Amino acid sequence: MKKKQIIVSLHDYEILKTLCYEAPATDKLKEELERAVVKKGKVPDHVVQVNSMLQFRDERSGTVRSVQLVLPAMSNLQEGKLSILSPIGTALLGYSTGDVIDWEVPAGKTQLLILSVGQEIDRALKA
């Protein structure tokens with residue numbers, strides 16, 4: 001099955017490519033970046049990017065989660081900060097509100113429905 005193209009800002013793309021060279025086990029992230037449409041300008045607010053706040057539902061379990069997608073150093077699941085290098089974090093990158101994503105996770109295949117994506121909360125990181 002062909003996967004939908006994802007959208008990634010040029011800034012995020014450059015950071016994530018660097019991260020791929022520095023971090024072990026980033027093959028899934030590399031695959032995602034290879035099929036990404038890189039935007040030089042502003043990425044629409046409804047697209048999941050690094051630092052996005054979002055809500056998604058695991059269609060297999062029905063569990064709804066609200067998280068912020070962050071770089072690994074800021075990851076803290078108790079605070080809802082999901083690492084871009086986690087299987088689900090990598091799966092969510094570049095998709096939009098309403099998208100359903102098929103993804104392999106350690107427990108098997110699942111589908112994630114993106115319910116909403118909020119504004120990035122820390123634009124200062126990109127300045």
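Bear in mind that the values here come from a model prediction, so they are computed numbers and not experimental data. All residue numbers in this chain count up from 1 along the given sequence.
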With sequence neighbours left out, what residues match Glu14 under side-chain hydrogen bond (donor to acceptor under 3.5 Å, both in side chains)? none
Please name all residues satisfying side-chain hydrogen bond (donor to acceptor under 3.5 Å, both in side chains) with Ser116, sequence neighbours left out, ordered by chain then number. none
Starting from [Y], can I reach [X] by hopping between I/L/V/M/F/W/Y residues whose side chains sit under 4.5 Å apart?
X: Val37; Y: Ile114; value: no
X: Val67; Y: Val100; value: no
X: Ile15; Y: Leu10; value: yes
X: Leu115; Y: Leu112; value: no
X: Val117; Y: Val64; value: no

Which heavy atom of [X] sits nearest a heavy atom of [Y], and at what distance?
X: Gly98; Y: Leu113; result: O-CD1, 3.6 Å
X: Tyr13; Y: Val38; result: CD1-CG2, 3.6 Å
X: Gln5; Y: Arg35; result: CG-O, 3.8 Å

Roughly how far apart are [X] [atom1] and [Y] [atom2], rounded to 0.5 Å?
X: Lys28; Y: Thr90; atom1: NZ; atom2: OG1; result: 9.5 Å
X: Leu29; Y: Glu34; atom1: CG; atom2: CD; result: 10.0 Å
X: Met53; Y: Asp45; atom1: CE; atom2: CG; result: 14.0 Å
X: Arg57; Y: Thr110; atom1: CZ; atom2: OG1; result: 11.5 Å

Taking the side chain as every heavy atom from C-beta outward, state whether [X] and [Y] have any pair of such atoms under 4.5 Å apart.
X: Val48; Y: Asp99; answer: no
X: Leu71; Y: Leu16; answer: yes
X: Val50; Y: Met74; answer: no
X: Leu92; Y: Ile101; answer: yes

Has Arg65 got a side-chain atom pairing as donor or acceptor with Gly80's backbone, closer than 3.5 angstrom? no
Counting N and O atoms only, with roles assigned by atom type, does the side chain of Gln49 sit under 3.5 Å from a partner on the main chain of Ser9, one being a donor and the other an acceptor? yes
Answer with yes or no whether the side chains of Thr63 and Asp58 bring together a donor and an acceptor at under 3.5 Å. no
Can you give each donor-acceptor pair under 3.5 Å made by side-chain atoms of residues 81-89, sequence neighbours left out, with the distance rounded to 0.1 Å?
{"unit_1": "Ser83", "atom_1": "OG", "unit_2": "Leu85", "atom_2": "N", "d": "3.0"}
{"unit_1": "Ser86", "atom_1": "OG", "unit_2": "Ser83", "atom_2": "O", "d": "2.8"}
{"unit_1": "Ser86", "atom_1": "OG", "unit_2": "Gly89", "atom_2": "N", "d": "2.9"}

Would you sort out whether Val70 and Asn51 count as a side chain to side chain contact (heavy atoms under 4.5 Å, CB included), showing the intermediate values? CA-CA 5 Å; Val70 298; Asn51 292 324; 4.3 Å; yes
